[in-house]
Protein chains: 2
Amino acid sequence: MKLSNGVEWALHGCVTLSQSDSPVPAARLAELHGTPPAYMAKQLQALSRAGIVRSTPGQVGGYTLTRPASAITALEVVRAIDGTEPAYRCTEIRQQGPLGVPAEECTRPCAIARAMAAAQDAWARALAQISIADLATAIDADSGGSAMAGVRRWLTAGTPHNG
Amino acid sequence: MKLSNGVEWALHGCVTLSQSDSPVPAARLAELHGTPPAYMAKQLQALSRAGIVRSTPGQVGGYTLTRPASAITALEVVRAIDGTEPAYRCTEIRQQGPLGVPAEECTRPCAIARAMAAAQDAWARALAQISIADLATAIDADSGGSAMAGVRRWLTAGTPHNG
DNA sequence: GCCGCAGTACTCGGATATATATTGTCCGAGTGCGATAGG
DNA sequence: CCTATCGCACTCGGACAATATATATCCGAGTACTGCGGC
């Protein structure tokens, strides 16, 4: 069970976007985080399809959060990048083999699938309780309260029409 | 985040093994579940390395659970097949880029990594609460109490020296 | 001085190669049972 | 009839291909700013 690396970049990217009102280009986010620019752009496109960020074309375009950071959960970001399919996919092997139960009796999911789904729900609930704003606050606290201010300064310093 | 298909086979296999005192060959388990024999054997080898099952060589050999089914958790089986590494691996991108924080200040994990780890813990706890015996009981209940008896009958019927 | 227009530079978006992990398969090493020969 | 020995069939175990997924990249479509010409 490996989560895509893009999830990490998307989460950090959302935290960064939460510090800017003006659009931030994908290339700039990639520069800030030290990631391949084209691949970071790919993740942002996925976030755009999921409705988490809005893309602004044009010369001073870029990406912006569609909602306040406190209204975006980590679960949404993870699902946008990694997909919504559950980690455990039951292939109904109980219907296979010499003792396979007929499909008509399989009215409810397999007990094993139910257990795995319950675990996944617990995981999702934990992520749903955390917002991008929470993450930004936590990161800021870890650095003594200077990290987010530094991000804001760097973002504005890099946009010539703003600084 | 996709979980290996072998997890499903391993879980079903452990439930089946819990119904037999004598060793069950991998090929027989594969036949019962309708899976590729060689690949099912691969999963059982992983379970053996993890100490969940014990392999018995020889003509009437096979695999047996090392402990009562009530003492084997679903988490152990999943970890044996899928590995113990967490789904989210922090690559410390906070140390990258122009605003990278020096490594000496990274005394505790990144806030995002902490959030993801907490979610993974919730997932693990949910799986740790479920034993192979619980799964067997649930599967049996789904079939009106006949499934496990059928498995036991099929296992003994297939072993010529027992039936 | 003000307005309309073309040019340009920048942005995103999807289609395209490469690397890696998973899936699936095979053959060799080892072990216990069973038949057999001897006492 | 009992026992030791040999052969064999069956088992697991790890090493080896084929496939699917994730990773990384590139080029084309579209849009807002900028400079220029006309009014």
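Lettering follows sequence order; numbering is per chain, from 1.
One interatomic measurement links the two molecules: CH2 of B:Trp9 to C1' of C:dT22, which rounds to 11 Å at whole-angstrom precision. Atom OH of B:Tyr39 and atom C1' of D:dA20 are 12 Å apart (whole Å). Remark: C1' of C:dC26 and CE of B:Met40 are 18 Å apart, rounded to the nearest angstrom. Look at CE on A:Met1: it is 14 Å from P on C:dT23, rounded to the nearest Å. Look at CG on A:Leu3: it is 10 Å from P on D:dA22, rounded to the nearest Å. For A:Ile81 and D:dT21, the CD1 to C1' distance is 16 Å, given to the nearest whole Å.
Remark: A:Arg114 CZ to A:Asp121 CG distance equals 13.5 Å, nearest 0.5 Å. For the atom pair CG of B:Leu65 and CD1 of B:Ile72, the computed distance is 4.5 Å after rounding to the nearest 0.5 Å. A distance of 10.5 Å separates OH in B:Tyr63 from CD in B:Gln43, rounded to the nearest 0.5 Å.
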Audit row: B:Asp134, B:Ser131, side chain to side chain donor-acceptor pair (under 3.5 Å) steps and yes/no: CA-CA 5 Å; B:Asp134 294 334; B:Ser131 71; 3.1 Å; yes
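Within the 4.5 Å cutoff, the side chain of A:Arg28 has heavy atoms near those of the A:Trp154 side chain. Taking the side chain as every heavy atom from C-beta outward, A:Pro86 and B:Met1 never approach each other to under 4.5 Å.
With salt bridges taken as basic N to acidic carboxylate O contacts below 4.0 Å, one links A:Glu76 and A:Arg67.
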What string of B, S and - do you get for nucleotides 9-14 of chain C, 5' to 3', if B is base contact, S is sugar-phosphate-only contact and - is no contact with any protein heavy atom under 4.0 Å? -SSSBB
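Looking at residues two or more places apart in sequence or on another chain, you find a salt bridge (charged side-chain N to carboxylate O under 4.0 Å, His left out) between A:Arg108 and B:Asp142.
Heavy-atom distances to DNA chain C give each of B:Pro37 and B:Asp82 a nearest nucleotide, and the one nearer the 5′ end belongs to B:Asp82.
Within residues 83-90 of chain B, no residue has any heavy atom closer than 4.0 Å to DNA chain D.
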